[in-house]
Amino acid sequence: PPPPDGYAVIAWLHGGDFSSGSATELNPFQLVLKQKVIVVSIAYRLGIFGFLTTADGEAPGNFGLMDQSAALLWVKAEYLSSSVAMRPPSQPWGMLRGRLVLDFISFFGLYWSEGLFTRAIMMSGSPLLETNVREAKAYGSALDRTAKTFGCFRRPTSKLINCLRNVPAQILADSAPVNDWGPVIDDGLSNQTTPFVPDAPKALVERGQIHKVPLMIGFTDMEEVLELAVGDILTEGISSEMYDTLLGDMVLNELSQFESNDSCAGNNQIVIDAVNFVYKPYPPTMEPTVLRKRFIDFSTEKKFAAPAISLAAAMSQKKGDVFAYRFDMKARSAGVLEGVPEWVGVPHGFDALFVWGLPYWAQLPSGAQWDRADKQIAEIIMTLWANFAKFGNPTEMGVYIKWEKFTADSPGILIVDRAFNMSDRSNMNYGSVQFWNEYYPKVVTFASQCCNATNVAASWHTDIPREATGILLLAHFGIFLATLIARTYKSAAPPPPDGYAVIAWLHGGDFSSGSATELNPFQLVLKQKVIVVSIAYRLGIFGFLTTADGEAPGNFGLMDQSAALLWVKRNIKLFGGNEASITAMGHASGAISVGLHLISGDWSEGLFTRAIMMSGSPLLETNVREAKAYGSALDRTAKTFGCFRRPTSKLINCLRNVPAQILADSAPVNDWGPVIDDGLSNQTTPFVPDAPKALVERGQIHKVPLMIGFTDMEKVLELAVGDILTEGISSEMYDTLLGDMVLNELSQFESNDSCAGNNQIVIDAVNFLYKPYPPTMEPTVLRKRFIDFSTEKKFAAPAISLAAAMSQKKGDVFAYRFDMKARSAGVLEGVPEWVGVPHGFDALFVWGLPYWAQLPSGAQWDRADKQIAEIIMTLWANFAKFGNPTEMGVYIKWEKFTADSPGILIVDRAFNMSDRSNMNYGSVQFWNEYYPKVVTFASQCCNATNVAASWHTDIPREATGILLLAHFGIFLATLIART
């Protein structure tokens, strides 16, 4: 006997891409029997009968959806309202009155389906995938093929429809050309019907036009695996070339909006670049099985996971109860996936075998029996689904599973496997959901609007003999370089036969401060038996002022360094050093300098044999600028000292007459630094003849062993000040700070009004990577992401980019990230515990400070810090001596960095190589590969037009009757197929 209110009712809408499938293919007997529910299986017109559209009133489309709505109305108003109990053949008694649950792809028809169901279950489908609901005009070529097939006039559409009405239904079904007819946006197409889908589903959802009902929604873990992985792909995998082709084709198939506009040619590439950033493996791999998995993930996450979660979030914002899931439960019974390799997960539709209880009744191939575990799982799944149909809560009774409601702030989903746990970042790729739902649409929109763009690139070079550089090498502004070599430190012990290994140290200080005399390398020299030469070079206005012409081309500080290295090589034997074992080593701007010597061509070639770069790389674009970028700095300098700004010869002569100390004390604050000096002078060979990244890409880098790294929180003490250090960052402050840091680097757009707003697509890209997802307002989380942004952009990515370039030149490379915090009290006095290793705090171990530096308040150095200093000094000295940091005296596995295997040593108490659990390779890929493409595209994209139109009509529902039940003269005889 039914309960007082009647049995819960499930109205089932079958799948089949709107072109196939049948209401009669369903056997819900086990669900009905075990869970005491009624299942109504609805038939609706498919293909040409249900979704043909002429994009006007003759056939506006969506007739299959109207059929579904009529069926739901019939179920609710006619069948369920009856109080008469009926007993269909072979079915249990049921009083057809009660609650209604719906499973289908779209419920946005505010007039059509409102109030016809009280809950919704959506399995492996969502209308928020753009290609699931199209503009009616997109079917123009389908109409052309249809008209041609049946010998009909294509226009006017009234003649086409009349012609098709005269074709027998069976012939239409059998002979119609294959077209992917489906739902369309039908607003304004007819004055006789209320539109079923009045706008793009995403737009409707964003406006809140969605019926508030409890929703259960989900997808499987490998939705289209059996369609995508066929033949050799299934058994062997995908080659790199095939991967690029398949993924590119799938993206391009959706970007037809660009095809009709020749001025937008190539804009598709920025969209493909975005997809490759997320799905192309990094570190790079040619492994076919890895590429196959990423390709299948691409399809599942784009077409199923992201649209499902987007709809779940929309419903939760309407305060509807939402339960989301991913179905990872593979059947264990032999024969279910016969001939399919073990690596395959749950394909599209294979969740249904548990929902409908197939392990209890379906026959398996070769007489195989269903595994008992599959029957147990089917019991659980049927209970979950039926509980939702009855109560709106899948775990209401009969199961002991924790299934939390999905909310926009806490978008957890149930992972349906043997454990039945809620998702977290270890088992759910939230980054891909964020990409498809938030970032990808912005890239597509920007690319589609970006037409008539110009790509302006210019490079020009001169070749001037090095011999002509002498006059500027040692002096400028009439200041003699008296302290070129500030200090040389060597061991008192007798040198080895070839001499001591030499470290030529270049101090940091942003090219404006610092000193060669601030270094005390005594412990390194004493314990490791090396010579340390600390090099002074001109700074600020003395070392890097440029007039962007031959009067002062710039880079004099770099020339000083090169002269010093030459002096060391020629004279270090006199100090017991080995001129064939010189390591150029620098920190911050000193490391940038070392990197520039690596790519400086003739200037520094052969002057050093190894390089160590700590927390700095010339491959960060802002570290080396165009000389013209300093124009405003020259203006301020000329004004300060009362000099003519032009011609530059007068400016330089005027500055030469200013005493050096006054220049140093009174010069306005300018961030003078290295510049691209090619073509600026006919007296000097350029030191930096092109952008460092361009030089590296052309292979213009000296092949030497390289050790390069950074700390885990480089600029934390500059960024996290005041309340940020103690409390964190608010969401508003986060947006402002991150946006300002990005915009400060995008001045190339400022002079072009037609590019206004193009900065936003760059900020969107950065937000995609660094804005937390799932969203959070937690200040400490936002603070950490902001600090990660700075470290990864300015230090990690440029360092790893240079490491990869050197490894491609077959130079030995050892990369590291320094996470080792000092334990001694007073080292980071007043700094909270959450702070990692700030900029420069690795140097205290490299120079052995725990053995000699005084701590505040008379505190003593922790013994552990001294032990770590011993290890670090050994690693650094080993590299200076042998080109291998682990050559002797340490038992640490430090693998060489290669482009194919870009492992870095995590310098902490464990000294382990990096993997994806402790190194964000995605951020490296973003800054080194994807971000430059976005910036380039945005800078080229000018004179773009943004055309968007939407138009609606409001037609009474009552006028829809004539088209609701029949079209093409075919009566809808099987509206309700089975109950």
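Throughout, residue positions are numbered sequentially from 1 according to the sequence presented.
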Point to revise | Between Tyr930 and Phe277, ring centroids under 6.0 Å | key: yes
Revision key, fill the gap. Sorted by chain and number, sequence neighbours left out, ring-ring contact (aromatic ring centres under 6.0 Å, His included) with Tyr734 holds for none
Practice item. Say whether, by atom type as modelled, one donor and one acceptor occur between the side chain of Ser807 and the main chain of Ala899 under 3.5 angstrom. Key: yes
Check your understanding: Between the main-chain N or O of Thr711 and the side-chain N or O of Glu714, is there a donor-acceptor pair closer than 3.5 Å?
Key -> yes
Review point. Is a donor on one side and an acceptor on the other found under 3.5 Å between the side chain of Asp221 and the backbone of Val346?
Key: yes
Point to revise | Partners meeting side-chain contact (heavy atoms from CB on, under 4.5 Å) with Pro411 (sequence neighbours left out) | key: Phe406, Tyr430, Pro774
Study note, to complete from the structure: Taken to the nearest 0.5 Å, the spacing of Leu738 CG from Lys793 NZ works out to 10.5 Å
Review point. Are Asp735 and Lys771 ion-paired here, with the side-chain N under 4.0 Å from a carboxylate O?
Key: yes
**Study point:** Contacts of type salt bridge (Lys or Arg N to Asp or Glu O under 4.0 Å), residue Asp812, not counting sequence neighbours
**Key:** Lys896
Point to revise | Pair Glu223 + Lys303: basic N to acidic O under 4.0 Å | key: no
Could you list the donor-acceptor pairs under 3.5 angstrom formed between side-chain atoms of residues 782-789 and any protein atom two or more places apart in sequence or on another chain?
residue	atom	partner	partner atom	Å
Arg783	NH1	Ile724	O	2.9
Arg783	NH1	Leu725	O	3.0
Lys784	NZ	Asp788	OD1	2.8
Lys784	NZ	Asp788	OD2	2.9
Arg785	NE	Tyr770	O	3.4
Arg785	NH2	Leu769	O	3.1

Exercise for review: Check Asn928 against Pro798 and note the closest heavy-atom contact, atom names and distance.
Suggested key: OD1-N, 4.1 Å
Revision key, fill the gap. Sequence neighbours excluded, the answer for ring-ring contact (aromatic ring centres under 6.0 Å, His included) partners of Tyr440 is Phe435, Trp436
Point to revise | Residue list, salt bridge (Lys or Arg N to Asp or Glu O under 4.0 Å) with Asp17, at least two apart or on another chain | key: none
